[in-house]
2 protein chains.
Amino acid sequence: MSRAKARAALMQELENALRRSSAQGVIFGQTVANTVGISGSDLECLDFLNLEGRVTAGRLAEMTGLTTGAITGVIDRLEKAGLVRRERDPADRRKVFIAIVPENLARIGRFYEHMQRGMVKLWESYSDAELKLLLEFATKGYETMLAATEELKSMVEAPRPKPAKKSKRS
Amino acid sequence: MSRAKARAALMQELENALRRSSAQGVIFGQTVANTVGISGSDLECLDFLNLEGRVTAGRLAEMTGLTTGAITGVIDRLEKAGLVRRERDPADRRKVFIAIVPENLARIGRFYEHMQRGMVKLWESYSDAELKLLLEFATKGYETMLAATEELKSMVEAPRPKPAKKSKRS
DNA sequence: ATATATATCTTAGTCACTAAGATAATTAGC
DNA sequence: GCTAATTATCTTAGTGACTAAGATATATAT
(Lines give C-alpha, C1' and ligand atoms only; values in the text may rest on other atoms or scores of the structure.)
Protein backbone atom coordinates (compact mmCIF):
# COMPACT_ATOMS: atom_id res chain seq x y z
CA MET A 1 0.00 0.00 0.00
CA SER A 2 1.34 3.45 -0.89
CA ARG A 3 2.07 5.92 1.87
CA ALA A 4 -0.78 8.16 0.74
CA LYS A 5 -3.22 5.27 0.77
CA ALA A 6 -2.06 4.16 4.18
CA ARG A 7 -2.64 7.67 5.45
CA ALA A 8 -6.11 7.83 3.93
CA ALA A 9 -6.92 4.47 5.52
CA LEU A 10 -5.66 5.77 8.85
CA MET A 11 -7.94 8.79 8.58
CA GLN A 12 -10.89 6.56 7.71
CA GLU A 13 -10.15 4.45 10.75
CA LEU A 14 -9.92 7.55 12.88
CA GLU A 15 -13.24 8.80 11.56
CA ASN A 16 -14.93 5.50 12.31
CA ALA A 17 -13.40 5.34 15.77
CA LEU A 18 -14.56 8.88 16.53
CA ARG A 19 -18.08 8.13 15.31
CA ARG A 20 -18.22 4.92 17.27
CA SER A 21 -17.07 6.58 20.46
CA SER A 22 -19.42 9.49 19.90
CA ALA A 23 -22.35 7.10 19.46
CA GLN A 24 -21.30 5.21 22.57
CA GLY A 25 -21.13 8.49 24.46
CA VAL A 26 -24.74 9.16 23.54
CA ILE A 27 -25.76 5.71 24.72
CA PHE A 28 -23.84 6.10 27.95
CA GLY A 29 -25.64 9.37 28.55
CA GLN A 30 -29.03 7.79 27.89
CA THR A 31 -28.16 4.97 30.26
CA VAL A 32 -27.16 7.39 33.02
CA ALA A 33 -30.36 9.38 32.47
CA ASN A 34 -32.49 6.22 32.67
CA THR A 35 -30.68 5.17 35.82
CA VAL A 36 -31.15 8.55 37.47
CA GLY A 37 -34.75 8.64 36.32
CA ILE A 38 -34.62 11.79 34.19
CA SER A 39 -34.69 12.36 30.44
CA GLY A 40 -31.65 12.64 28.22
CA SER A 41 -32.28 16.35 27.69
CA ASP A 42 -32.53 16.91 31.42
CA LEU A 43 -29.14 15.30 31.93
CA GLU A 44 -27.68 17.22 29.00
CA CYS A 45 -28.78 20.47 30.64
CA LEU A 46 -27.27 19.41 33.95
CA ASP A 47 -24.04 18.74 32.09
CA PHE A 48 -24.07 22.22 30.56
CA LEU A 49 -24.71 23.69 34.00
CA ASN A 50 -21.70 21.81 35.32
CA LEU A 51 -19.51 23.17 32.56
CA GLU A 52 -20.79 26.73 32.46
CA GLY A 53 -22.03 27.30 35.98
CA ARG A 54 -25.16 29.35 36.67
CA VAL A 55 -26.89 30.23 33.39
CA THR A 56 -30.27 31.64 32.40
CA ALA A 57 -33.11 29.52 31.06
CA GLY A 58 -32.80 31.21 27.68
CA ARG A 59 -29.11 30.40 27.40
CA LEU A 60 -29.89 26.76 28.17
CA ALA A 61 -32.37 26.80 25.29
CA GLU A 62 -29.70 28.23 22.99
CA MET A 63 -27.09 25.72 24.08
CA THR A 64 -29.33 22.68 23.74
CA GLY A 65 -31.28 23.81 20.69
CA LEU A 66 -34.58 23.30 22.52
CA THR A 67 -37.38 25.88 22.59
CA THR A 68 -37.81 27.99 25.70
CA GLY A 69 -41.07 26.16 26.35
CA ALA A 70 -39.26 22.82 26.43
CA ILE A 71 -36.63 24.27 28.74
CA THR A 72 -39.33 25.32 31.18
CA GLY A 73 -40.31 21.66 31.37
CA VAL A 74 -36.70 20.54 31.78
CA ILE A 75 -36.16 22.96 34.65
CA ASP A 76 -39.46 22.03 36.28
CA ARG A 77 -38.44 18.39 36.35
CA LEU A 78 -34.87 19.05 37.50
CA GLU A 79 -36.13 21.40 40.20
CA LYS A 80 -38.69 18.89 41.41
CA ALA A 81 -35.88 16.33 41.60
CA GLY A 82 -33.94 18.82 43.73
CA LEU A 83 -31.03 18.94 41.29
CA VAL A 84 -31.27 22.62 40.34
CA ARG A 85 -32.74 25.80 41.76
CA ARG A 86 -34.41 28.76 40.01
CA GLU A 87 -32.95 32.11 41.05
CA ARG A 88 -34.53 35.30 39.73
CA ASP A 89 -31.97 37.96 38.78
CA PRO A 90 -32.62 40.93 41.09
CA ALA A 91 -31.07 43.29 38.53
CA ASP A 92 -33.36 42.13 35.69
CA ARG A 93 -36.36 40.39 37.11
CA ARG A 94 -37.37 38.82 33.82
CA LYS A 95 -34.33 36.58 33.94
CA VAL A 96 -34.23 33.25 35.72
CA PHE A 97 -30.84 31.84 36.56
CA ILE A 98 -30.62 28.09 36.88
CA ALA A 99 -28.12 26.93 39.47
CA ILE A 100 -27.04 23.43 40.40
CA VAL A 101 -27.73 22.17 43.91
CA PRO A 102 -24.39 20.49 44.61
CA GLU A 103 -25.56 18.51 47.64
CA ASN A 104 -28.12 16.59 45.61
CA LEU A 105 -25.97 16.31 42.53
CA ALA A 106 -23.71 13.97 44.46
CA ARG A 107 -26.13 11.08 44.04
CA ILE A 108 -25.68 11.35 40.29
CA GLY A 109 -21.90 11.46 40.53
CA ARG A 110 -22.05 7.87 41.71
CA PHE A 111 -23.09 6.72 38.23
CA TYR A 112 -20.11 8.42 36.61
CA GLU A 113 -17.53 6.92 38.95
CA HIS A 114 -16.75 3.83 36.91
CA MET A 115 -16.52 5.88 33.72
CA GLN A 116 -14.41 8.50 35.46
CA ARG A 117 -11.95 5.93 36.80
CA GLY A 118 -11.58 4.35 33.36
CA MET A 119 -10.98 7.70 31.72
CA VAL A 120 -8.44 8.85 34.29
CA LYS A 121 -6.62 5.56 33.86
CA LEU A 122 -6.54 6.13 30.11
CA TRP A 123 -5.39 9.72 30.44
CA GLU A 124 -2.66 8.79 32.88
CA SER A 125 -1.08 6.56 30.26
CA TYR A 126 -0.17 9.63 28.22
CA SER A 127 2.70 12.10 28.63
CA ASP A 128 2.05 15.80 29.19
CA ALA A 129 2.91 16.53 25.56
CA GLU A 130 0.49 13.85 24.37
CA LEU A 131 -2.27 15.18 26.62
CA LYS A 132 -1.72 18.61 25.11
CA LEU A 133 -2.04 17.15 21.65
CA LEU A 134 -5.30 15.45 22.63
CA LEU A 135 -6.60 18.65 24.21
CA GLU A 136 -5.81 20.63 21.09
CA PHE A 137 -7.48 18.00 18.94
CA ALA A 138 -10.62 17.99 21.08
CA THR A 139 -10.76 21.78 21.09
CA LYS A 140 -10.32 22.10 17.35
CA GLY A 141 -12.77 19.28 16.76
CA TYR A 142 -15.30 21.14 18.88
CA GLU A 143 -14.74 24.34 16.93
CA THR A 144 -15.14 22.49 13.65
CA MET A 145 -18.41 20.94 14.77
CA LEU A 146 -19.68 24.26 16.06
CA ALA A 147 -18.91 25.93 12.74
CA ALA A 148 -20.48 23.06 10.79
CA THR A 149 -23.61 23.32 12.95
CA GLU A 150 -23.93 27.04 12.32
CA GLU A 151 -23.38 26.51 8.61
CA LEU A 152 -26.10 23.89 8.55
CA LYS A 153 -28.52 26.13 10.40
CA SER A 154 -27.92 28.95 7.96
CA MET A 155 -28.56 26.51 5.08
CA VAL A 156 -31.92 25.59 6.56
CA GLU A 157 -32.96 29.01 7.80
CA ALA A 158 -32.54 30.65 4.42
CA PRO A 159 -33.78 27.93 2.11
CA ARG A 160 -36.01 30.20 0.04
CA PRO A 161 -34.35 33.15 -1.74
CA LYS A 162 -37.53 35.09 -0.93
CA PRO A 163 -41.04 34.43 -2.26
CA ALA A 164 -39.91 36.51 -5.21
CA LYS A 165 -42.34 39.35 -4.59
CA LYS A 166 -43.54 39.55 -8.16
CA SER A 167 -43.64 43.13 -9.34
CA LYS A 168 -46.67 42.37 -11.49
CA ARG A 169 -49.41 40.38 -9.81
CA SER A 170 -50.82 37.69 -12.07
CA MET B 1 2.04 25.51 40.11
CA SER B 2 3.63 22.10 40.78
CA ARG B 3 4.06 19.68 37.94
CA ALA B 4 1.46 17.36 39.40
CA LYS B 5 -1.04 20.18 39.67
CA ALA B 6 -0.35 21.33 36.14
CA ARG B 7 -0.98 17.80 34.94
CA ALA B 8 -4.24 17.55 36.88
CA ALA B 9 -5.33 20.87 35.41
CA LEU B 10 -4.44 19.61 31.95
CA MET B 11 -6.57 16.52 32.49
CA GLN B 12 -9.45 18.65 33.71
CA GLU B 13 -9.18 20.79 30.59
CA LEU B 14 -9.11 17.69 28.43
CA GLU B 15 -12.20 16.34 30.17
CA ASN B 16 -14.07 19.59 29.62
CA ALA B 17 -12.99 19.78 26.00
CA LEU B 18 -14.12 16.21 25.38
CA ARG B 19 -17.48 16.86 27.03
CA ARG B 20 -17.97 20.06 25.10
CA SER B 21 -17.17 18.44 21.79
CA SER B 22 -19.33 15.45 22.64
CA ALA B 23 -22.25 17.77 23.43
CA GLN B 24 -21.67 19.68 20.22
CA GLY B 25 -21.61 16.41 18.33
CA VAL B 26 -25.07 15.62 19.69
CA ILE B 27 -26.33 19.04 18.64
CA PHE B 28 -24.81 18.70 15.19
CA GLY B 29 -26.57 15.36 14.83
CA GLN B 30 -29.90 16.86 15.90
CA THR B 31 -29.42 19.68 13.44
CA VAL B 32 -28.70 17.30 10.58
CA ALA B 33 -31.74 15.21 11.51
CA ASN B 34 -33.97 18.31 11.57
CA THR B 35 -32.59 19.40 8.23
CA VAL B 36 -33.17 16.00 6.65
CA GLY B 37 -36.60 15.81 8.24
CA ILE B 38 -36.11 12.67 10.33
CA SER B 39 -35.71 12.10 14.07
CA GLY B 40 -32.41 11.92 15.90
CA SER B 41 -32.86 8.19 16.49
CA ASP B 42 -33.54 7.61 12.81
CA LEU B 43 -30.28 9.32 11.89
CA GLU B 44 -28.42 7.45 14.61
CA CYS B 45 -29.62 4.18 13.12
CA LEU B 46 -28.55 5.27 9.65
CA ASP B 47 -25.14 6.04 11.10
CA PHE B 48 -24.88 2.57 12.60
CA LEU B 49 -25.89 1.07 9.27
CA ASN B 50 -23.13 3.04 7.58
CA LEU B 51 -20.58 1.75 10.05
CA GLU B 52 -21.71 -1.86 10.29
CA GLY B 53 -23.35 -2.48 6.94
CA ARG B 54 -26.49 -4.63 6.67
CA VAL B 55 -27.78 -5.54 10.14
CA THR B 56 -30.97 -7.04 11.56
CA ALA B 57 -33.68 -5.01 13.24
CA GLY B 58 -32.91 -6.67 16.54
CA ARG B 59 -29.24 -5.77 16.37
CA LEU B 60 -30.21 -2.15 15.71
CA ALA B 61 -32.31 -2.26 18.87
CA GLU B 62 -29.33 -3.58 20.82
CA MET B 63 -26.97 -1.00 19.40
CA THR B 64 -29.24 1.97 20.03
CA GLY B 65 -30.75 0.80 23.30
CA LEU B 66 -34.27 1.19 21.89
CA THR B 67 -36.98 -1.47 22.18
CA THR B 68 -37.73 -3.61 19.14
CA GLY B 69 -41.09 -1.86 18.90
CA ALA B 70 -39.42 1.51 18.59
CA ILE B 71 -37.05 0.13 15.97
CA THR B 72 -40.01 -1.00 13.89
CA GLY B 73 -41.10 2.63 13.81
CA VAL B 74 -37.61 3.87 12.96
CA ILE B 75 -37.35 1.44 10.05
CA ASP B 76 -40.86 2.26 8.85
CA ARG B 77 -39.95 5.95 8.64
CA LEU B 78 -36.55 5.38 7.06
CA GLU B 79 -38.05 2.98 4.55
CA LYS B 80 -40.83 5.41 3.66
CA ALA B 81 -38.15 8.07 3.12
CA GLY B 82 -36.41 5.64 0.77
CA LEU B 83 -33.22 5.60 2.83
CA VAL B 84 -33.22 1.92 3.80
CA ARG B 85 -34.77 -1.32 2.58
CA ARG B 86 -36.11 -4.32 4.52
CA GLU B 87 -34.70 -7.63 3.30
CA ARG B 88 -36.00 -10.87 4.81
CA ASP B 89 -33.28 -13.43 5.44
CA PRO B 90 -34.14 -16.44 3.24
CA ALA B 91 -32.21 -18.74 5.58
CA ASP B 92 -34.16 -17.63 8.67
CA ARG B 93 -37.36 -15.97 7.64
CA ARG B 94 -37.99 -14.43 11.06
CA LYS B 95 -35.05 -12.10 10.55
CA VAL B 96 -35.27 -8.79 8.73
CA PHE B 97 -32.05 -7.28 7.50
CA ILE B 98 -31.97 -3.53 7.14
CA ALA B 99 -29.86 -2.29 4.25
CA ILE B 100 -29.01 1.23 3.21
CA VAL B 101 -30.18 2.47 -0.18
CA PRO B 102 -26.99 4.25 -1.29
CA GLU B 103 -28.60 6.20 -4.16
CA ASN B 104 -30.94 8.02 -1.82
CA LEU B 105 -28.42 8.38 0.97
CA ALA B 106 -26.48 10.79 -1.21
CA ARG B 107 -28.94 13.59 -0.50
CA ILE B 108 -28.02 13.35 3.18
CA GLY B 109 -24.30 13.34 2.49
CA ARG B 110 -24.69 16.92 1.33
CA PHE B 111 -25.33 18.06 4.90
CA TYR B 112 -22.12 16.45 6.13
CA GLU B 113 -19.91 18.02 3.52
CA HIS B 114 -18.95 21.15 5.45
CA MET B 115 -18.27 19.13 8.57
CA GLN B 116 -16.32 16.57 6.59
CA ARG B 117 -14.14 19.20 4.97
CA GLY B 118 -13.39 20.80 8.32
CA MET B 119 -12.48 17.48 9.87
CA VAL B 120 -10.25 16.41 7.01
CA LYS B 121 -8.49 19.74 7.22
CA LEU B 122 -7.93 19.18 10.92
CA TRP B 123 -6.71 15.62 10.47
CA GLU B 124 -4.34 16.62 7.71
CA SER B 125 -2.52 18.91 10.11
CA TYR B 126 -1.26 15.87 12.02
CA SER B 127 1.60 13.50 11.27
CA ASP B 128 0.99 9.78 10.80
CA ALA B 129 2.33 9.09 14.27
CA GLU B 130 0.00 11.69 15.75
CA LEU B 131 -2.98 10.28 13.87
CA LYS B 132 -2.14 6.86 15.28
CA LEU B 133 -2.08 8.33 18.75
CA LEU B 134 -5.48 9.91 18.19
CA LEU B 135 -6.87 6.67 16.78
CA GLU B 136 -5.63 4.74 19.76
CA PHE B 137 -7.11 7.29 22.11
CA ALA B 138 -10.48 7.23 20.38
CA THR B 139 -10.52 3.43 20.37
CA LYS B 140 -9.61 3.12 24.03
CA GLY B 141 -12.05 5.88 24.92
CA TYR B 142 -14.77 3.93 23.12
CA GLU B 143 -13.88 0.76 24.97
CA THR B 144 -13.91 2.59 28.29
CA MET B 145 -17.36 4.06 27.59
CA LEU B 146 -18.67 0.70 26.45
CA ALA B 147 -17.44 -0.95 29.65
CA ALA B 148 -18.86 1.88 31.77
CA THR B 149 -22.22 1.53 30.01
CA GLU B 150 -22.35 -2.21 30.67
CA GLU B 151 -21.35 -1.65 34.29
CA LEU B 152 -24.14 0.89 34.68
CA LYS B 153 -26.70 -1.44 33.14
CA SER B 154 -25.71 -4.23 35.48
CA MET B 155 -26.05 -1.81 38.42
CA VAL B 156 -29.60 -1.03 37.41
CA GLU B 157 -30.67 -4.47 36.25
CA ALA B 158 -29.68 -6.15 39.48
CA PRO B 159 -30.59 -3.48 42.02
CA ARG B 160 -32.14 -5.96 44.40
CA PRO B 161 -29.92 -8.88 45.55
CA LYS B 162 -33.06 -11.05 45.26
CA PRO B 163 -36.04 -10.98 47.60
CA ALA B 164 -33.68 -12.90 49.85
CA LYS B 165 -35.60 -16.16 50.00
CA LYS B 166 -34.36 -16.70 53.53
CA SER B 167 -33.33 -20.26 54.31
CA LYS B 168 -34.63 -19.82 57.80
CA ARG B 169 -37.90 -18.00 57.87
CA SER B 170 -38.03 -15.55 60.72
C1' DA C 1 -45.70 -33.52 17.37
C1' DT C 2 -45.65 -30.45 20.80
C1' DA C 3 -43.37 -27.13 23.45
C1' DT C 4 -40.11 -23.63 23.82
C1' DA C 5 -37.38 -20.07 21.97
C1' DT C 6 -36.42 -16.35 18.83
C1' DA C 7 -37.37 -12.16 15.83
C1' DT C 8 -40.33 -8.74 14.50
C1' DC C 9 -44.61 -6.28 14.58
C1' DT C 10 -48.90 -4.31 16.80
C1' DT C 11 -51.46 -1.79 20.24
C1' DA C 12 -52.49 1.32 24.00
C1' DG C 13 -50.93 4.69 26.73
C1' DT C 14 -47.29 8.09 28.28
C1' DC C 15 -44.27 11.91 28.09
C1' DA C 16 -41.28 15.43 26.06
C1' DC C 17 -41.40 18.36 22.29
C1' DT C 18 -42.89 22.42 19.13
C1' DA C 19 -45.58 26.50 17.81
C1' DA C 20 -48.13 30.08 19.16
C1' DG C 21 -49.50 33.12 22.28
C1' DA C 22 -49.83 34.97 27.37
C1' DT C 23 -47.52 37.27 31.05
C1' DA C 24 -44.27 40.17 33.12
C1' DA C 25 -40.29 43.19 33.17
C1' DT C 26 -37.14 46.23 30.72
C1' DT C 27 -35.69 49.65 27.31
C1' DA C 28 -36.56 53.22 23.67
C1' DG C 29 -38.98 57.04 21.50
C1' DC C 30 -41.39 61.01 21.97
C1' DG D 1 -43.25 60.33 32.33
C1' DC D 2 -46.10 57.66 29.06
C1' DT D 3 -46.69 54.63 25.39
C1' DA D 4 -44.67 51.28 22.28
C1' DA D 5 -41.46 47.89 21.28
C1' DT D 6 -38.42 44.43 23.00
C1' DT D 7 -36.84 40.74 25.91
C1' DA D 8 -37.30 36.54 28.94
C1' DT D 9 -39.96 33.03 30.64
C1' DC D 10 -44.13 30.44 31.10
C1' DT D 11 -48.61 28.35 29.43
C1' DT D 12 -51.50 25.72 26.36
C1' DA D 13 -52.91 22.59 22.73
C1' DG D 14 -51.59 19.27 19.79
C1' DT D 15 -48.09 15.92 17.80
C1' DG D 16 -45.03 12.16 17.56
C1' DA D 17 -41.61 8.86 19.29
C1' DC D 18 -41.16 5.91 23.04
C1' DT D 19 -42.12 1.78 26.31
C1' DA D 20 -44.48 -2.42 27.93
C1' DA D 21 -47.06 -6.08 26.89
C1' DG D 22 -48.75 -9.16 23.96
C1' DA D 23 -49.61 -11.02 18.95
C1' DT D 24 -47.71 -13.26 15.01
C1' DA D 25 -44.64 -16.03 12.50
C1' DT D 26 -40.72 -18.89 12.13
C1' DA D 27 -37.18 -21.96 14.00
C1' DT D 28 -35.24 -25.34 17.26
C1' DA D 29 -35.48 -28.99 20.86
C1' DT D 30 -37.49 -32.92 23.22
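Just so it is clear: chains get the letters A, B, ... in the order the sequence lines come, proteins before strands, and each one is counted from 1.
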Atom CG of B:L60 and atom P of C:dT8: how far apart are they, to the nearest Å? 9 Å

Axis-to-axis angle for the helix from C:dA1-D:dT30 to C:dC30-D:dG1, ends of five pairs each, to 10°, equals 20°

Carefully, step by step, assess A:Q12 and A:N16 under the rule side-chain hydrogen bond (donor to acceptor under 3.5 Å, both in side chains). CA-CA 6 Å; A:Q12 185 61 58; A:N16 287 352; 3.3 Å; yes

Figure out the CZ/P separation between B:R59 and C:dT6, and round it to whole Å. 17 Å

Heavy atoms under 4.0 Å is the rule here; annotate nucleotides 15-27 of chain D 5' to 3' with B where the base is hit, S where only the sugar-phosphate is, and - elsewhere. --SSB------BS

Of the candidate nucleotides D:dT9, C:dA7, C:dC9, which contains the atom at the shortest distance from the side chain of B:R86? C:dC9

A:D76 CG to C:dA16 C1': how many Å, rounded? 12 Å

Might you point out which heavy atoms bring A:A57 and A:I75 nearest each other, and give the distance in Å? CB-CD1, 3.8 Å

Is any side-chain N of the basic residue among B:E150 and B:K153 closer than 4.0 Å to the acidic one's carboxylate O? yes

To check you understand the geometry: which heavy-atom pair defines the closest contact between A:G29 and A:L43, and what is its length? O-CD2, 3.4 Å

Provide, to the nearest angstrom, the distance between the CG atom belonging to A:N34 and the P atom belonging to C:dC15. 14 Å

Identify whether the distance between the nearest side-chain nitrogen and carboxylate oxygen of A:R110 and A:E113 falls below 4.0 Å. no

Distance check needed: C:dC17 P versus B:Q30 CD, whole Å only. 9 Å

Could you give me the CA-CA distance, side-chain angles and deciding distance for A:E124 and A:K121, then say whether salt bridge (charged side-chain N to carboxylate O under 4.0 Å, His left out) is met? CA-CA 5 Å; A:E124 274 170 353; A:K121 197 179 152 200; over 6 Å; no

Does this structure show an ion pair linking A:R19 with A:E15, if we count only N-O contacts that are shorter than 4.0 Å? yes

Is the shortest side-chain N to carboxylate O distance from B:R20 to A:E52 below 4.0 Å? yes

Could you tell me the separation between the CD atom of A:E62 and the C1' atom of D:dT9, rounded to a whole number of Å? 14 Å

